[in-house]
S.K.: 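Take this structure first; my questions come after.
Naming: A, B, ... by sequence-line order, numbering from 1 per chain.
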Amino acid sequence: MGIFSAGFLNYLLALGTMSGIYAVLCLGLNLQWGFAGLFNAGIAAFFAIGAYTAAILTTPESPNYLGGFGLPIVLAWPIAMILAGAVAWAIGRICLRLKGDYLAMATIGIAEVIRLVIKNEEWLTAGTRGIPNIARPFEALTAPWNAVAFLALVIALVVVIYWAAERAWASPWGRALRAIRDSDVAAAAIGKDVTQFRVEAFVLGAMVMALAGALSAHYFKFLGTSATEPMMVTFLVWVMLIVGGSGNNRGAILGAALIWVIWSATELLTNRLPGEWITRTSYIRVLLIGLILQVVLQRFAKGLVPERPPRLIDDKVQSR
Amino acid sequence: VTALSDFINLYLLPGLVVGCIYALGAIGISLLFGILRFAHFAHGDMMTLGAYLAVIFTASLGWSPYAALPIAAIGTAIVALGLDRAFYQPFRRAPGIVTVIASFGVMLMLRSAIQLIWGVDVKTYDIGIRFPMELGLLKIAPRQVTIVLATAALVVALHLFLSRTRLGKAMRAVSDDPDLARVSGIDVEQVVRWTWIIGAGLAAAGGVFIGIQTKVHPSMGWDLLLPLFAAAVLGGIGRPYGAVAGGLAIGLTQELATYPWLSDDPFIAPGYKPAVAFSVMVIMLIWRPTGLFRGRVF
């Protein structure tokens, strides 16, 4: 077995693709938490809405769930994002006029309700049986080029979202959000519609999360109830953003890649242990990831790549 | 007549029992939110911890869970004080939402620690089969009576503590206005410690009651979190009596919502009970965020 064996290459491609999908989630969370200071404890809800909408709209007809729309991905993914955005809008309208804790409680509630719907409404989602045969883009290509092409698609999406988020960060909209995050009273006093700005950031972030869900459904080609798992979807993304540096889009991407590499590398290590220890060590890993979050939160609150305020507008632009 | 007795025995009484358990958890969430100003996400898992600590004594020493309850409550309170010292105290002056993130982390750490120590298998307290008592239409299991009476006793004790003791009064003062309380010479950190002891102790009691009523498993805390938050919001944040009323109301609503009101099918499928709690919470947040008992909105 050499470094350049096919197995190792596949592992690297998978590692890169998953890091990219998590980077999309992290960029979405950064729009909500880093830009606007909104605590979303239900990332899994928007991820699952995106994943299930994309899967249902693109798969062939099946007696097990609501399928057979046969839409192309370019149509299905935007619909998935719009649906997640609509749910986020409804939640945001209700909770964002109150203190952040209420949003946290409501998002954990919506995540739980989405989880129950996916589990119980088998006509819609096939319940615990899951949705198989989801088409993956480029799968007609020969190996390893199919995996390379999909990874390229994920990276391209990360780059597009990063670019858009950077533009947003430096825009008047992003500056207003930062002001609201740091002092909503002061922002309201200079005439900013605090709730409206927060709802916009929350909806946009949820739409990005839905895109990550759609990507993951098409990547795994199978979608089951694990898409609603709070540990893997919500908690891990929070750790990634806090470690990487909330408020910094590069930090979000770096944190996603770093934590995902740590997470999957430790899995590789623990899988070599004797049977009984595999399950035990999986809990130790969760415990350690939790501890990393606490240490970073207390000692390195800015994360690896600290937030940088957008540059001041130079004279040339100002005089226009 | 059978319809009425079914309604009482299969929906009303279980709803009351579940409501008592929710009340015990919601008191802690409401008190902590009032005094430390953050939504404590790890509270459900403190109930799980209490239930598992009692398992130690019921499984190895053959104790009754009622005898193990006080020790489980003390143990959970000690763990809560340790968690506060390690993970919450550093954020006292930070914006409250950072503490929420920390508690979110503590939630998963507690759960994985429980899974590590006790495994993922379902545990039960071996209390044997006790036949229900029949009183006319009513068919009551002895454990239902003990859970309701014990909850009532704990709530009365809490009321006496909050209204009669210096510490209880200090606690209410800190909840109303922490700065004013501090300048009038109240030791706020002492109040915080006792809030944890009371909140965690009551949570452990609720967890043990769940074990007595059904079973103990590692994800029970997660399943409880939504109804507990709903109960705290319904009763009004920072209002312990409101949390009791909210817990009872959420428990009863969840059970009664599954009654076949319109047709022969349950009005709401039993699998959607947590969604009922969520709906109540959303309605309260729209209509009256202060809750029924005029709590505070932050």
S.K.: I need the minimum non-hydrogen distance between A:Ala106 and B:Phe278, along with the two atoms involved.
M.R.: O-CE1, 3.4 Å
S.K.: Of the listed residues (A:Arg280, A:Lys119, A:Gln298), which shares the most heavy-atom pairs with chain B below a 4.5 Å separation?
M.R.: A:Gln298
S.K.: Check B:Phe91 against A:Leu297 and note the closest heavy-atom contact, atom names and distance.
M.R.: CE2-O, 3.7 Å
S.K.: Side chain from CB out, backbone as N, CA, C, O: work out which of these in A:Leu293 comes under 4.5 Å of a heavy atom of chain B, or both, or neither.
M.R.: side chain
S.K.: Of the backbone (N, CA, C, O) and the side chain (C-beta and beyond), which part of A:Val239 lies under 4.5 Å from a heavy atom of chain B, both, or neither?
M.R.: neither
S.K.: Just wondering, do B:Ile237 and A:Tyr102 contact through their side chains at under 4.5 Å, heavy atoms?
M.R.: yes
S.K.: Quick one: does A:Trp238's side chain get under 4.5 Å of B:Leu108's, heavy atoms only?
M.R.: no
S.K.: Would you mind checking which part of A:Leu291 comes under 4.5 Å of any heavy atom in chain B, side chain (CB onward), backbone (N, CA, C, O), both or neither?
M.R.: both
S.K.: Quick one: what part of A:Ala41 sits under 4.5 Å from any heavy atom of chain B, side chain, backbone, both or neither?
M.R.: both
S.K.: For each of B:Ala94, B:Pro95, B:Gly105, B:Gly119, tally heavy-atom pairs with chain A at distances under 4.5 Å, and name the one with the top tally.
M.R.: B:Gly105
S.K.: Would you say that A:Tyr283 contacts B:Ile114 through its side chain, given a criterion of any heavy-atom pair below 4.5 Å between the two side chains?
M.R.: no
S.K.: Is it the backbone or the side chain of A:Ile289 that comes under 4.5 Å from a heavy atom of chain B, or both, or neither?
M.R.: neither
S.K.: So for A:Glu112, is it side chain, backbone, both, or neither that comes closer than 4.5 Å to the heavy atoms of chain B?
M.R.: side chain
S.K.: I'd like to know which of B:Ile101, B:Val100, B:Val98 tops the heavy-atom pair count under 4.5 Å against chain A.
M.R.: B:Ile101
S.K.: As an exercise: rank A:Leu288, A:Thr234, A:Leu287, A:Thr281 by heavy-atom pairs under 4.5 Å with chain B and give me the winner.
M.R.: A:Leu287
S.K.: Within the structure provided, determine whether B:Tyr272 and A:Val113 are in side-chain contact (heavy-atom separation under 4.5 Å).
M.R.: no
S.K.: What part of A:Arg115 lies closer than 4.5 angstrom to a heavy atom of chain B: side chain, backbone, both or neither?
M.R.: side chain
S.K.: Can you tell which of B:Gln115, B:Met107, B:Arg111 has the highest number of heavy-atom pairs within less than 4.5 Å of chain A?
M.R.: B:Gln115
S.K.: Would you give the length of the straight line joining atom CD1 of A:Ile94 to atom CG of B:Leu285, rounded to the nearest 0.5 angstrom?
M.R.: 7.5 Å
